[in-house]
Amino acid sequence: MITTEYVPGSPCWLDLGAPDVPAAAAFYSAVLGWDYESMGENEDFEGGMFKKDGKIVAGLGKLTEEGARPAWMLYYSVTDADATTQAVQQAGGTVRVAPMDLDDWGRMAQYSDPLGGQFAVWEPGTNKGMELVDQPGSLSWTELYTTDAAGARDFYGGLFGWQFSDMPLPGGAGTYTLITPAGLPEDRMQGGLMQLGKEDLAMTGGRPYWHPVFAVEDCDAAVAQVTGNGGSVQMGPEDMEGVGRLAVCLDPANADFVVLAPSES
């Protein structure tokens, strides 16, 4: 369960780097019922905020990094972005964007883990992060696909103090590792990681990647909006016992995300 009580190591923000900002805004508005508010368009910046029921749920910006693929970036809350940057480097990660201030909102930095999985951190100022989570049309889970689950546990566990627990996947398909912030009970689980072969990570050339899971009221209806608005479906919709009905999707620019209609408690 993700909450807006952003403790260190918990997901607190996400944004999308898209080649076509208006097209991305229209797509996610159709699929997730979001409203898009532009923060300006000029030669140096194009982007804005997604809102659901008047509350900020995500950001959107023009993809400007040469060679980068369109993708969602997940941010984790930290108390000191500079100290986190040093820890990332000491653990074998790479700094992609050095810590920088965003006015008085907070301080951010972006990294790659030792195998190339990209993630970011947010040191809050006046802005703590998303205003709506774990509700239909908002972030409800985070997930890492990696070729080295043990290495990922060592890296992220050392960096954020995450607690891990393993569960077997149905049909002997392997192990899924659940992630909980340091010192919190299991009902605050925020995500998971799973080991896959390089051949299963073709979208990134075998490099690990994080993606968001968005809660929806009706998975099939959301998938119909995905395909009806130029996106595609990689898996599903299908029912997962104890989890809900989900589908792995791509937007029209091939940024990946999951839609999940959770099981009733």
Side-chain angles (χ1 to χ4, degrees), residues 2 6 8-19 21 24 28 47 50 58-78 81-100 102 106-123 129-130 139 141-160 162 177 179 190-198 200-214 234 248-251 253-258:
I2 295 176
Y6 296 125
S10 65
C12 62
W13 183 251
L14 77 164
D15 54 36
L16 174 67
V21 168
Y28 287 97
F50 285 118
L60 171 62
K62 180 81 170 180
L63 184 66
T64 57
E65 183 179 349
E66 186 174 351
R69 75 178 183 95
W72 284 97
M73 180 69 70
L74 291 164
Y75 292 71
Y76 296 93
S77 185
V78 296
D82 295 279
T84 302
T85 297
Q86 292 181 351
V88 166
Q89 293 172 313
Q90 291 170 357
T94 302
V95 179
R96 299 179 56 252
V97 178
M100 58 183 292
L102 297 179
R107 191 164 171 79
M108 62 83 71
Q110 295 185 356
Y111 316 109
S112 294
D113 68 25
L115 292 181
Q118 297 182 358
F119 68 105
V121 298
W122 179 252
E123 178 187 331
M130 298 168 289
L139 183 70
W141 193 251
T142 63
E143 196 165 59
L144 173 67
Y145 290 163
T146 181
T147 54
D148 183 1
R153 287 175 61 141
D154 288 344
F155 175 78
Y156 290 102
L159 189 64
F160 294 126
W162 286 346
T177 299
I179 300 168
Q190 65 191 32
L193 65 89
M194 185 166 63
Q195 181 163 315
L196 297 172
K198 284 190 175 182
D200 298 314
L201 304 177
M203 186 166 57
T204 56
R207 191 184 70 214
Y209 61 92
W210 287 93
H211 59 226
V213 177
F214 297 115
Q234 289 187 301
V248 181
C249 305
L250 297 175
D251 70 18
N254 287 334
D256 59 296
F257 63 100
V258 176

ask   = Can you find a heavy atom in the side chain of Ile179 that is under 4.5 Å from one in the side chain of Leu144?
value =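 Answer no - side chains too far apart.
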ask   = Can you tell if the side chain of Leu102 reaches within under 4.5 Å of the side chain of Trp122, non-hydrogen atoms only?
value =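 The answer is yes; the side chains approach within 4.5 Å.
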Met73 and Gln118: CA distance, side-chain angles, deciding distance, side-chain contact (heavy atoms from CB on, under 4.5 Å) verdict = CA-CA 7 Å; Met73 180 69 70; Gln118 297 182 358; 4.0 Å; yes
Among all residues two or more places apart in sequence or in another chain, which pass the side chain to side chain contact (heavy atoms under 4.5 Å, CB included) test with [X]?
{"X": "Ala109", "answer": "Thr85, Pro99, Tyr111, Val121"}
{"X": "Arg153", "answer": "Phe164, Asp166, Thr177, Leu193"}
{"X": "Pro114", "answer": "Phe155"}
{"X": "Leu115", "answer": "Asp113, Thr146, Thr147, Asp148, Pro208"}

task = Evaluate side-chain contact (heavy atoms from CB on, under 4.5 Å) for Leu250 paired with Met203, printing each intermediate quantity in order.
result = CA-CA 11 Å; Leu250 297 175; Met203 186 166 57; 3.7 Å; yes
query = Got a sec, which residues hit side chain to side chain donor-acceptor pair (under 3.5 Å) with Trp141, two or more places apart in sequence or on another chain?
reply =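 Listed in chain order: Tyr176.
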request  = Not counting sequence neighbours, list each pair that qualifies as a salt bridge (Lys or Arg N to Asp or Glu O under 4.0 Å) and has a residue in residues 81-97.
outcome  =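 Those involving residues 81-97 are Glu65-Arg96, Asp82-Arg107.
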Evaluation steps, side-chain contact (heavy atoms from CB on, under 4.5 Å), between Thr142 and Tyr76 = CA-CA 11 Å; Thr142 63; Tyr76 296 93; 3.6 Å; yes
Which atom pair, heavy atoms only, marks the closest approach of [X] to [Y]?
{"X": "Pro70", "Y": "Leu63", "value": "N-CD2, 3.7 Å"}
{"X": "Val21", "Y": "Gly61", "value": "CG2-C, 3.8 Å"}
{"X": "Ala120", "Y": "Gln110", "value": "CB-CG, 3.7 Å"}
{"X": "Ile2", "Y": "Pro11", "value": "CD1-CG, 3.8 Å"}
{"X": "Ala87", "Y": "Leu159", "value": "CB-CD1, 3.7 Å"}

inquiry  = Could you measure the distance from the CG atom of Asp256 to the CD atom of Glu143? Nearest 0.5 Å is fine.
reply    =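 The CG atom of Asp256 sits 10.0 Å away from the CD atom of Glu143.
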Distance, nearest 0.5 Å, that separates CG of Leu74 from SG of Cys12 =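 Taking CG in Leu74 and SG in Cys12, the distance rounds to 10.0 Å.
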Examine distances only and state if a side-chain atom of [X] and a backbone atom of [Y] form a donor-acceptor pair shorter than 3.5 Å.
{"X": "Gln234", "Y": "Val248", "answer": "no"}
{"X": "Trp162", "Y": "Tyr156", "answer": "no"}
{"X": "Lys62", "Y": "Pro19", "answer": "yes"}

key: Parallel, tilted or perpendicular: rings of Phe119 and Phe160 (30°, 60°)   =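 Phe160 vs Phe119 ring planes: perpendicular.
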Can you name the residues that form a ring pair (Phe, Tyr, Trp, His ring centres under 6.0 Å) with [X], not counting sequence neighbours?
{"X": "Trp72", "value": "Tyr28, Phe214"}
{"X": "Phe50", "value": "Trp34, Tyr36"}
{"X": "Tyr145", "value": "Tyr209, His211"}

message = Suppose we screen for salt bridge (Lys or Arg N to Asp or Glu O under 4.0 Å). Which residues come up paired with Asp15, at least two apart in sequence or across chains?
response =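 Partners of Asp15 under the salt bridge (Lys or Arg N to Asp or Glu O under 4.0 Å) test: none.
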